[in-house]
Amino acid sequence: MIQLSRVRLDPIHVRQAVRGAIAAVAAYALAEAFGLPKGYWSVLTAVIVMQATLGATLSATIDRLLGTALGAAFGVVGAVLSGPSALRTGAVLLLVMLATVYIAARRPSLRLGSVTAAIVMLSDPSHADPLGAAFQRVAEIGLGAVVGVLAALLILPARAGDHLRDTAAELLGQCATLLTLIAGRLAGSGEDPTALNQRIRTLLRKGDGQIDEARRERPGAIPDHLDPAPIIRTIRRLWHSEIILVRAAQAPLSPPLQAALGATLDQAVTAAKKRMTALAAALEARAAPGDGSALDQAVAALQSSIDALRGTGGDGLDGREFGQAFAIAFTFAQLRDSLADLAERLREQAGEATAPPTAD
């Protein structure tokens, strides 16, 4: 039994439900007003093309319109060729389906073409006016598509760029969690990072899709400082650096290495996590990030501890331990640089005068 007390209404889903409901009613009313014989196609289209963001709605609308036009064209040709004979109709239908399904297999966005072709061919047994039937289907679906786009644009509009920033903020939170896990593994008590890495990988794919949606929402070229792609690209680079650290943490630090690096490594981990959290908050607030000097200082201190191993501080360490130490130093330098690049990008998007990346 579903416990209603545990149901949480997500504002994003509520807004999408409101837009979809209003679009469906508006499409029905307009179809009736225009006297379209099968107005339910308008209603279905308005609901189908309605996505979470305007960019995704535009993409779904274009795909549906192209698929409809393709299917209508094949349907008209098929209806004209088939005539009243059931056997001939079946043979022509076979050829039309072969063509439209093959096209849909090559371009899945046109999968509606085979459905529309079948409807145009078979909805009127007499095949008296296939061109009229095709025009009606296109008009009904076109009306629904227009209503869907207008609803996405005017009713509680949601921009893909806003969703992208939320995804990027969540990614930074996951990367901070991964860094905590890695630190635990270096200390000999961490968990397996496989599930967390899979979650990050999924979010990155989601962000890639939102980048395409955000670009569709802006006609023409996007200014460099507003291009959302570098945000996800920088976070992906940040995660790749953490993957290197995961490999370095396959074995915990030896007691001598722990004694040499423990304090400065903990400081670097804490500073990096705080920086990720601060950048995530800046993303969600659409604000410029604060100063990142604490991370610079922590990474510099860690580097100094590792440099000391080259002298007497490294007595008793073997090659594997030296390799592990240098991998840690390299990775934290990469983390610092990636977070500095991300902060610079957020400053640009917030309209703040940019500072040199080394000062972040």
Side-chain angles (χ1 to χ4, degrees), residues 165-187 190 193 196-197 200 203-204 207 230-249 253 257-258 260-309 324-350 352-360:
R165 296 177 79 89
D166 291 340
T167 300
E170 186 177 357
L171 274 165
L172 285 173
Q174 296 292 327
C175 286
T177 302
L178 179 59
L179 192 58
T180 301
L181 187 152
I182 293 169
R185 289 174 67 84
L186 287 170
L196 186 54
N197 279 325
I200 293 173
L203 285 172
L204 286 169
I231 292 179
I232 296 299
R233 185 166 60 241
T234 303
I235 295 177
R236 179 176 275 109
R237 190 169 71 242
L238 175 74
W239 175 56
H240 287 168
S241 298
E242 289 189 316
I243 293 298
I244 297 175
L245 201 55
V246 168
R247 293 169 182 165
L253 296 178
L257 203 54
Q258 181 67 38
L261 305 181
T264 54
L265 179 58
D266 289 344
Q267 292 170 5
V269 169
T270 300
K273 287 167 52 182
K274 287 183 178 179
R275 189 59 175 157
M276 291 178 194
T277 302
L279 291 176
L283 276 164
E284 292 176 336
R286 302 183 67 84
D291 179 56
S293 59
L295 177 59
D296 292 340
Q297 295 169 4
V299 173
L302 176 62
Q303 183 65 59
S304 296
S305 297
I306 292 174
D307 288 342
L309 296 178
Q324 189 178 32
F326 294 141
I328 290 171
F330 171 80
T331 301
F332 271 94
Q334 294 297 308
L335 292 177
R336 176 201 60 203
D337 293 345
S338 294
L339 291 172
D341 289 345
L342 180 59
E344 183 70 9
R345 176 60 60 172
L346 296 185
R347 288 194 188 96
E348 292 175 357
Q349 294 196 357
E352 182 182 271
T354 58
T358 55
D360 184 77

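FYI, side chains are in, hydrogens and waters are out, and symmetry mates aren't considered; it's all heavy atoms of this structure.
- Between Leu203 and Ile235, the closest side-chain pair of non-hydrogen atoms is not below 4.5 Å.
- Inter-residue side-chain proximity for Arg237 and Asp341 is flagged as met; some heavy-atom pair is nearer than 4.5 Å.
- Taking CG from Asp337 and CG from Leu342, the interatomic distance works out to 12.5 Å, rounded to the nearest 0.5 Å.
- With contacts defined as side-chain heavy-atom distances shorter than 4.5 Å, the pair Leu238/Leu172 qualifies.
- Under the 4.5 Å side-chain criterion, counting only non-hydrogen atoms from C-beta, Ile328 is in contact with Leu186.
- Using a 4.5 Å heavy-atom threshold, the side chains of Leu181 and Val246 count as separate.
- Side chain of Arg165 to backbone of Leu283: a donor-acceptor contact under 3.5 angstrom is found.
- Within the model, atoms CH2 of Trp239 and CG of Asn197 stand 5.5 Å from one another, a figure rounded to the nearest 0.5 Å.
- Side-chain atoms of Thr264 come within 3.5 Å of backbone N or O of Leu261 as a donor-acceptor pair.
- Two residues are said to be in side-chain contact when any heavy atoms from C-beta on lie closer than 4.5 Å; Leu179 and Leu245 meet this criterion.
- Interatomic distance, CG of Leu171 versus CG of Leu279, reported as 13.0 Å (0.5 Å rounding).
- Contact annotation: the side chain of Phe326 never approaches that of Leu309 to less than 4.5 Å [non-hydrogen atoms, C-beta and beyond].
- Under the 4.5 Å side-chain criterion, counting only non-hydrogen atoms from C-beta, Arg185 is in contact with Pro193.
- One distance of note links CD of Glu170 with CG of Asp166; it measures 9.0 Å at 0.5 Å rounding.
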